[in-house]
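Take a look at the structure set out below.
Bear in mind that the values here come from a model prediction, so they are computed numbers and not experimental data. Basis for what follows: all heavy atoms, side chains included, without hydrogens, waters or symmetry-related copies. When a residue number appears, it is its place in the shown sequence, counting from 1.
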Amino acid sequence: MSYVPLLKRMDRSDTSRLNSLAQEFKTARPFPHLVMDGMFCDSLLNEALQAFNLDHVNNINVFQNQLQSKRSTSTKSVMPAAIQRYFDIVNGAPFLRLLTRLTGITNLLPDPYLYGGGMHEVAGQGHFQVHTDFRYHPHTCLENRLALLTYLNHDWKSEYGGLLELWQKNPTRPVRKIVPRFGRSVLMLQSPDSWHGHPEAARTGYLRRTLITYFYTAPKIKADRTEQSTIYLSNSRQSTMQRTEIFVRNIIPHFFIDTARWVRHRKRKQKFR
């Protein structure tokens, strides 16, 4: 059983649906984003909702000030099994490849510790003023590129408040308001222009629950090419051919080695056609 129906389309020759979503993400305003209903199967999310109780989770963050009012898990929290299953899925390689297909951002990396993410709960009169998220992970220094929010609120209506608002800065105003209803996922680009929040307080008596994940890329640095390759140690127990190959690898520029590998790969492909 696939918990993410959209993953099935990754292996199909008909990519029209994925192409349409990718175009929608790219052209969305006020910044690139996608709003998707049914990205995850209901059974996965219903099990997560049944297990969602922050009173029974360790190391909870409590935010209570003029700018935000909510509770969330921390990097030290142990998630309920049903909720951990969701995060294992979105942090896995198949889902990361799907995100790359939708956004064009390559080499995405997960954060299994869920810094800033995890289980988020806003009680009645809770809010989060319009903001942009952190640009870099404080511990790994990876660049924050995407945020994924999945809502667990059955039958949520606009009049309950707590709508996710996407804003532009000049002029300052909301461009889109999104009802945080059950099964709805929002994928957002993370940038200095990605202003969002739910400044309108949720109605008293209602709980607004969200699963949040961030995705990263490594900063672009110019590393020594030898630091990206396996380095072998020559020793007397090796054959003459082994020691010769190690010697050649150490003196021939990596450009020529990579070119030789590419040529061999092309020949193999032609051989089996």
message = Using 30° and 60° as the class boundaries, would you call the ring planes of His154 and Phe182 parallel, tilted or perpendicular?
response = parallel
Are side-chain N/O atoms of [X] and [Y] paired as donor and acceptor at under 3.5 Å?
| X | Y | result |
| --- | --- | --- |
| Thr150 | Ser185 | yes |
| His137 | Asp111 | yes |
| Asn19 | Gln23 | no |
| Arg243 | Ser234 | no |

For [Y], does its backbone N or O pair with a side-chain atom of [X] as donor and acceptor, under 3.5 Å?
| X | Y | answer |
| --- | --- | --- |
| Arg71 | Val62 | no |
| His131 | His196 | yes |
| His120 | Gly117 | yes |
| Trp156 | Gly161 | yes |

Might you point out which heavy atoms bring [X] and [Y] nearest each other, and give the distance in Å?
| X | Y | answer |
| --- | --- | --- |
| Met119 | Asn53 | CE-N, 4.1 Å |
| Ser194 | Thr132 | O-CG2, 3.5 Å |
| Cys141 | Tyr136 | O-CD2, 3.7 Å |
| Leu142 | Ala218 | CD2-CA, 3.6 Å |
| Leu163 | Pro180 | CA-CD, 4.1 Å |
| Ala51 | Pro80 | O-CG, 3.5 Å |

query = Looking at the rings of His198 and His127, which for Trp means the six-membered one, are their centres under 6.0 Å apart?
reply = no
ask   = Taking the six-membered ring for Trp, are Phe134 and Tyr115 ring centroids under 6.0 Å apart?
value = yes
ask   = Is the number of heavy atoms from other residues, nucleotides or ligands within 6.0 Å of CD (Glu159) greater than 12?
value = yes
ask   = Is Arg17 atom CZ crowded by more than 12 heavy atoms from other residues, nucleotides or ligands, each under 6.0 Å away?
value = no
ask   = Can you list every pair that meets ring pair (Phe, Tyr, Trp, His ring centres under 6.0 Å) and has a residue in residues 89-109, with sequence neighbours left out?
value = Phe40-Phe95
Could you work out, with side-chain contact (heavy atoms from CB on, under 4.5 Å) as the rule, every residue matching [X], not counting sequence neighbours?
| X | value |
| --- | --- |
| Asn91 | Phe87, Pro110, Leu114, Thr213, Phe215 |
| Asn59 | Ser74, Lys76, Ser77 |
| Asn235 | Arg237, Gln238 |
| Thr103 | Phe25, Ile105, Leu146, Leu187 |

task = List for me each residue that meets salt bridge (Lys or Arg N to Asp or Glu O under 4.0 Å) alongside Arg209, sequence neighbours excluded, and say none if there are none.
result = Glu121
